[in-house]
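Chain letters run A, B, ... following the sequence lines, proteins first and then strands; every chain starts at 1.
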There are 2 protein chains.
Amino acid sequence: MDDAATLRGAGLRVTAARLAILDAVRTGNHLDAEHIAHAVRGRVGHVSTQAVYDGLHALTDTGLVRRIEPAGSPARYETRVGDNHHHLVCRLCKGVTDIDCVAGAAPCLEPSQSHGYLIDEAEVVFWGVCPDCRSGTGEAPNASEPSAVPRG
Amino acid sequence: MDDAATLRGAGLRVTAARLAILDAVRTGNHLDAEHIAHAVRGRVGHVSTQAVYDGLHALTDTGLVRRIEPAGSPARYETRVGDNHHHLVCRLCKGVTDIDCVAGAAPCLEPSQSHGYLIDEAEVVFWGVCPDCRSGTGEAPNASEPSAVPRG
DNA sequence: TTCGTTTTCTTGATCAATTCCAGTTAGTGG
DNA sequence: CCACTAACTGGAATTGATCAAGAAAACGAA
């Protein structure tokens with residue numbers, strides 16, 4: 001199924017902007033809205049920032065892309081959906097890496113108490129320092145001083 | 001140990017604003033900066049917003065309070081630190097409830113692959129609908145239409 | 001105590017990410 | 001090919017948070 005059919009199947013109109021957004025999110029590695037906008041413009045010329053946000057909103061609402069929001073970074077998007085995988089986030093460069101969920105379906109964990117909540121998802125984020133930042137190779141925003149690495 | 005001694009022990013000066021912030025965070029239930037500012041003002045009169053942010057920053061930096069940032073809500077603060085507990089977040093009203101971590105120390109989970117990261121924390125957020133919102137009692141911002149409850 | 005240093009607080013501007021709005025453009029089903 | 005409506009544009013506005021410079025206050029030392 002190509003992207004045009006995917007969009008139509010989700011009840012969305014097929015536009016150059018949305019095809020480019022979908023491709024940018026799939027090709028990129030957990031890009032944020034700004035980087036997606038940049039990639040989209042490099043592909044189809046001028047596209048307003050609002051169109052990018054609108055497109056991302058439509059795609060997330062229909063479940064074609066997933067939006068993740070690690071603390072301290074803008075929202076990021078990925079096309080890997082439905083497999084309930086988790087994420088590894090670097091405290092320094094904020095880079096995101098996927099991690100398979102051993103349990104499969106959501107919610108993959110059972111809380112010790114549910115407090116009456118109707119739980120549908122367990123979101124797991126592993127925080128640490130990525131290989132590049134550990135070796136000083138990474139483009140860390142503040143790699144000069146590792147400072148305190150807080151614990152949970 | 002009272003709050004003044006706690007602040008001093010963390011290397012911070014003792015001010016009325018900070019004592020009030022610490023008390024507001026402890027008394028409140030995962031309040032955001034705005035609500036903390038409101039509580040502080042009700043206790044010690046005028047305090048600038050900046051002083052509240054600065055105080056919260058100082059308290060989080062020294063580990064006296066923990067800052068959590070659930071997707072879609074402003075940062076929230078709690079005084080329960082060091083026990084690596086987790087959170088239950090309501091998709092509708094954004095309310096937060098603590099959940100004990102059965103494993104104890106951080107990181108409480110081992111990822112299936114570490115990808116070379118030096119991992120120090122596993123943050124677990126359970127998403128669902130709280131009892132109040134389920135029964136329609138809650139002050140949900142958009143409780144009229146439950147809309148789609150996305151899955152992980 | 002009083003002083004001097006350093007932190008903290010104040011006011012006010014600024015920022016980044018995102019959303020709202022009104023009008024125009026362009027997919028799509030008929 | 002038309003009409004209807006979703007999608008896009010340009011621009012302003014919102015929210016949550018930070019930065020900057022000077023004034024005030026905490027606290028160790030004299």
Side-chain angles (χ1 to χ4, degrees), chain A residues 2-22 24 30-38 40-41 43-62 64-65 67-77 94 141-142, chain B residues 2-22 24-25 30-38 40-41 43-62 64-65 67-77 94 96 141-142:
Chain A
D2 64 355
D3 284 348
T6 304
L7 286 172
R8 252 185 286 265
L12 300 174
R13 292 188 181 173
V14 179
T15 69
R18 290 185 172 180
L19 289 172
I21 291 171
L22 202 44
H30 305 96
L31 300 180
D32 59 22
E34 187 185 348
H35 285 85
I36 291 168
H38 186 265
V40 166
R41 287 174 188 133
R43 208 166 176 280
V44 300
H46 177 82
V47 175
S48 71
T49 301
Q50 188 53 48
V52 174
Y53 275 102
D54 180 45
L56 286 170
H57 218 92
L59 293 173
T60 52
D61 285 351
T62 54
L64 297 183
V65 312
R67 171 188 178 127
I68 60 173
E69 298 179 51
S73 7
R76 288 153 181 277
Y77 300 85
K94 307 294 183 191
N142 53 348
Chain B
D2 65 357
D3 284 348
T6 303
L7 286 171
R8 252 184 287 267
L12 299 174
R13 292 191 179 171
V14 179
T15 69
R18 290 184 173 180
L19 288 173
I21 290 172
L22 202 43
V25 174
H30 305 95
L31 300 180
D32 58 23
E34 186 185 348
H35 286 86
I36 292 168
H38 186 264
V40 167
R41 288 175 189 134
R43 209 167 175 281
V44 299
H46 176 83
V47 175
S48 71
T49 300
Q50 186 54 228
V52 174
Y53 275 104
D54 180 47
L56 286 170
H57 219 93
L59 293 173
T60 52
D61 284 352
T62 53
L64 296 182
V65 312
R67 172 189 177 126
I68 60 174
E69 298 179 52
S73 6
R76 287 150 180 281
Y77 300 84
K94 307 293 182 191
V96 178
N142 52 349

Subject >> side-chain N/O A:His35 vs C:dA17 OP1/OP2, d < 4.0 Å >> reply: no
Subject >> Non-hydrogen atoms of A:Ile36 and A:Ala24 that approach each other most closely >> reply: CG2-CB, 4.3 Å
List, with names and distances, any nitrogen or oxygen atoms from the protein found under 3.5 Å away from nitrogen or oxygen atoms belonging to nucleotides 25-30 of chain C.
unit_1 : atom_1 : unit_2  : atom_2 : d
C:dG27 : N2     : A:Arg13 : NH2    : 3.1
C:dG27 : N3     : A:Arg13 : NH1    : 3.3
C:dT28 : OP1    : A:Arg8  : NH1    : 3.4
C:dT28 : OP1    : A:Val14 : N      : 2.6

Subject >> B:Ser48 side chain, from C-beta outward: closest of D:dA17, D:dC8, C:dT11 >> reply: C:dT11
Original post:
Given side chains that start at C-beta, do those of A:Val47 and A:Arg18 come closer than 4.5 Å, heavy atoms only?
Top reply: no
Subject >> Nucleotide of D:dT18, C:dT19, D:dA17 approaching A:His57 most closely (side-chain heavy atoms) >> reply: C:dT19
**OP:** May I ask you to verify if any side-chain N or O of A:His46 is less than 4.0 angstrom from the OP1 or OP2 atom of D:dG10?
**Re:** yes
Original post:
End-to-end bend of the helix from C:dT1-D:dA30 to C:dG30-D:dC1 (five-pair axes, 10° rounding)?
Top reply: 40°
Original post:
For D:dA17, does OP1 or OP2 lie under 4.0 Å from any side-chain N or O of B:Tyr53?
Top reply: yes
Subject >> Smallest separation among heavy atoms of A:Ala33 and A:Tyr77, with atom names >> reply: N-CE1, 4.3 Å
Original post:
Just checking A:Ala75: base, sugar-phosphate only, or nothing, at a heavy-atom cut-off of under 4.0 Å?
Top reply: sugar-phosphate
**OP:** Apply the test side-chain hydrogen bond (donor to acceptor under 3.5 Å, both in side chains) to residues B:Asp54 and B:His57: give CA-CA distance (whole Å), side-chain angles for both, the deciding distance (0.1 Å), then the verdict.
**Re:** CA-CA 5 Å; B:Asp54 180 47; B:His57 219 93; over 6 Å; no
Subject >> Nearest to side-chain heavy atoms of A:Gln50, which nucleotide of C:dT10, D:dA17, C:dC21 >> reply: C:dC21
Subject >> B:Val25: which of B:Leu64, B:Leu31, B:Leu56 passes side-chain contact (heavy atoms from CB on, under 4.5 Å) >> reply: B:Leu56
Original post:
Hey, does B:Ala17 reach any base, or is it just sugar-phosphate, or nothing, if we go heavy atoms under 4.0 Å?
Top reply: sugar-phosphate
**OP:** Using the side chain to side chain contact (heavy atoms under 4.5 Å, CB included) rule, take B:Arg67 and B:Asp61 through it: C-alpha gap first, then chi angles, then the decisive distance, then the call.
**Re:** CA-CA 10 Å; B:Arg67 172 189 177 126; B:Asp61 284 352; over 6 Å; no
Subject >> A:Leu59 vs A:Leu12 side-chain heavy atoms within contact, under 4.5 Å >> reply: yes
Original post:
Hey, are the side chains of B:Pro70 and B:Lys94 touching, using non-hydrogen atoms and a 4.5 Å cut-off?
Top reply: no
Subject >> Given C:dG12, D:dA7, C:dT8, the nucleotide with the shortest approach to the side chain of A:Arg18 >> reply: D:dA7
**OP:** Quickly work out the B:Asp54 CG to D:dA24 P distance and round it to whole Å.
**Re:** 18 Å
Original post:
Considering heavy-atom distances to DNA chain D, does B:Pro74 or A:Thr49 have its closest nucleotide positioned more toward the 5' end?
Top reply: A:Thr49
Subject >> Distance-minimising heavy-atom pair for A:Pro74 and A:Asp32 >> reply: CG-OD2, 3.8 Å
